[in-house]
Number of protein chains: 2
Amino acid sequence: MAQNSDFLRGHTETIILRLLTEKDSYGYEISKNIVDSGQGLVDIKDATIYTAFRRMENDGLLATYWGDGVGGARRRYYAITEKGRRLYAEKKEEWTKLKSILDYLIIGSDKNV
Amino acid sequence: MAQNSDFLRGHTETIILRLLTEKDSYGYEISKNIVDSGQGLVDIKDATIYTAFRRMENDGLLATYWGDGVGGARRRYYAITEKGRRLYAEKKEEWTKLKSILDYLIIGSDKNV
DNA sequence: TGGAATAGATAATGATATTATGTATATAAA
DNA sequence: TTTATATACATAATATCATTATCTATTCCA
């Protein structure tokens with residue numbers, strides 16, 4: 001198992017949503033994007049992205065359309081929906097709150113972060 | 001299902017370890033402790049604590065002994081081991097790193113945290 | 001022609017948090 | 001004395017979601 005798989009739980013969708021707020025994208029690109037930003041600590045697998053996509057599409061967070069396959073196989077593009085944007089805003093809020101609580105619970109009283 | 005169960009994934013053990021670095025404790029107390037600090041956002045269930053205890057004891061992170069049951073049933077106390085302390089130190093480090101990466105991935109370029 | 005990079009898909013597996021339920025003790029209220 | 005409540009531990013069953021392992025397909029380049 002990858003090192004920090006559990007830490008990503010519940011954040012995967014939020015991260016995908018955020019990337020899609022900037023522009024429509026497709027699985028492979030998003031996967032690379034995350035790994036590149038992850039500095040070796042965060043490493044979401046392709047398969048995880050695709051299963052997340054399907055889940056999120058079923059939930060109405062994403063809309064999809066086929067694009068062209070420039071330099072490779074066909075691309076399935078994903079766009080964030082209004083519902084997706086609202087959820088992203090909520091999750092973003094939640095993260096900032098949760099972060100301070102976890103800071104307290106994990107680091108403790110000596111807040112020399 | 002509870003709201004933020006996924007956010008806690010991978011942090012539960014770290015939180016328990018941290019509380020045990022301060023003093024030996026038992027399931028019920030730890031459970032209450034976490035919920036009280038959780039501000040309604042973090043809510044680790046009793047059963048989660050107990051299953052984590054057993055896992056961590058098997059991993060040699062905790063040692064256990066029976067205490068007295070003052071005002072209730074008997075208490076099983078847990079103490080953190082050296083191995084547990086080392087793991088806690090690692091996890092604490094990991095959290096601070098992960099936090100900044102997730103900040104970038106979730107909040108994005110507009111770092112108005 | 002064959003390998004590498006790109007791109008998508010899914011079944012099976014695994015880890016862990018939750019739900020549901022059960023046991024047991026002590027104290028205070030009725 | 002019965003009952004409710006708080007304390008305390010335990011575990012089987014379930015759910016969720018990330019990973020592993022595979023598979024298919026296309027394009028470019030050597």
Side-chain angles (χ1 to χ4, degrees), chain A residues 1-16 24-36 38 41-59 61-62 64-78 91 98 102 105, chain B residues 1-16 24-36 38 41-59 61-62 64-78 91 98 102 105:
Chain A
M1 198 201 348
Q3 319 98 306
N4 291 303
S5 60
D6 286 325
F7 292 161
L8 273 309
R9 278 245 173 185
H11 298 304
T12 309
E13 295 195 3
T14 312
I15 293 170
I16 292 174
D24 292 4
S25 189
Y26 53 97
Y28 202 79
E29 191 181 46
I30 285 187
S31 178
K32 278 216 181 305
N33 209 321
I34 293 172
V35 171
D36 289 349
L41 267 177
V42 172
D43 177 28
I44 295 179
K45 296 295 172 349
D46 304 45
T48 303
I49 305 280
Y50 293 118
T51 49
F53 273 158
R54 284 185 55 211
R55 204 167 51 227
M56 292 164 84
E57 202 190 344
N58 287 336
D59 292 348
L61 305 174
L62 305 183
T64 180
Y65 57 92
W66 280 101
D68 53 337
V70 186
R74 278 195 311 169
R75 291 171 182 164
R76 182 193 279 279
Y77 279 85
Y78 287 90
K91 291 283 189 185
L98 200 79
L102 280 182
L105 287 172
Chain B
M1 202 201 341
Q3 319 98 306
N4 290 304
S5 60
D6 285 326
F7 290 162
L8 273 307
R9 279 242 174 189
H11 298 302
T12 310
E13 295 194 4
T14 312
I15 294 170
I16 291 173
D24 292 3
S25 189
Y26 53 97
Y28 202 79
E29 190 180 47
I30 285 187
S31 177
K32 278 216 183 304
N33 210 321
I34 293 171
V35 172
D36 289 351
L41 269 177
V42 172
D43 178 25
I44 296 179
K45 297 296 175 345
D46 303 46
T48 304
I49 305 280
Y50 292 117
T51 49
F53 273 157
R54 282 184 55 208
R55 204 164 53 228
M56 295 165 82
E57 202 190 343
N58 287 336
D59 292 347
L61 305 173
L62 305 182
T64 180
Y65 57 91
W66 280 102
D68 53 336
V70 186
R74 277 194 312 169
R75 291 170 181 166
R76 182 192 280 277
Y77 278 85
Y78 287 89
K91 292 283 188 183
L98 197 81
L102 281 182
L105 287 172

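Quick note on labels: first sequence line is chain A, next is B, and so on, each numbered from 1. The figures that follow rest on heavy atoms only: side chains count, while hydrogens, waters and symmetry mates do not.
Nearest to the side-chain atoms of Thr51(A) among the listed nucleotides dT6(C), dT19(D), dA10(D) stands dT19(D).
The distance between atom CE of Met56(A) and atom P of dC17(D), rounded to the nearest whole Å, is 11 Å. At whole-Å resolution of the value, NZ in Lys45(A) and P in dA21(D) are 10 Å apart. Distance CG (Asp46(A)) to P (dA9(C)): 12 Å, rounded to an integer number of Å. Regarding Tyr77(A), its OH atom lies at a distance of 13 Å from the C1' atom of dG8(C), rounded to whole Å. In this structure, Ile16(B) places its CD1 atom 12 Å from P of dC9(D), rounding to the nearest Å. Nucleotide dT16(C) holds its P atom 14 Å from the CZ atom of Arg54(B), rounded to whole Å. Across the protein-nucleic acid pair, Trp66(B) atom CH2 and dA8(D) atom P stand 12 Å apart, rounded to whole Å. Computed from coordinates, the Ile49(B) CD1 to dT18(C) C1' distance equals 12 Å when rounded to whole Å.
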Test side-chain contact (heavy atoms from CB on, under 4.5 Å) applied to Leu102(B) and Phe7(A), step by step
CA-CA 10 Å; Leu102(B) 281 182; Phe7(A) 292 161; 5.9 Å; no
Asp59(B) and Glu57(B): side-chain contact (heavy atoms from CB on, under 4.5 Å), yes or no, with the steps?
CA-CA 5 Å; Asp59(B) 292 347; Glu57(B) 202 190 343; over 6 Å; no
Stepwise side-chain contact (heavy atoms from CB on, under 4.5 Å) check, Thr48(B) with Leu8(B)
CA-CA 11 Å; Thr48(B) 304; Leu8(B) 273 307; over 6 Å; no
Can Ile16(A) and Tyr78(A) be said to form a side-chain contact (heavy atoms from CB on, under 4.5 Å), step by step?
CA-CA 10 Å; Ile16(A) 292 174; Tyr78(A) 287 90; over 6 Å; no
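The closest side-chain heavy-atom distance from Arg75(B) to Tyr28(B) is not below 4.5 Å.
Note on Arg75(B): only backbone sugar-phosphate atoms sit closer than 4.0 angstrom, heavy atoms only; bases stay farther off. Within 4.0 Å of Arg76(B), counting heavy atoms only, lie sugar-phosphate atoms of the nucleic acid but no base atom.
Contact check, Ser5(B) against dT18(C): no side-chain N or O comes under 4.0 Å of OP1 or OP2. Between Thr12(B) and dA17(C), a side-chain N or O to OP1/OP2 separation shorter than 4.0 Å is present. The side chain of Tyr26(A) contributes an N or O atom lying less than 4.0 Å from OP1 or OP2 of dA7(C). Within the 4.0 Å cut-off from OP1 or OP2 of dA18(D), at least one side-chain nitrogen or oxygen of Arg55(A) is found.
Not a single donor-acceptor pair, N or O on each side, falls under 3.5 Å between the base of dT16(C) and the side chain of Arg9(A).
Heavy-atom distances to DNA chain C give each of Tyr28(A) and Ala47(B) a nearest nucleotide, and the one nearer the 5′ end belongs to Tyr28(A).
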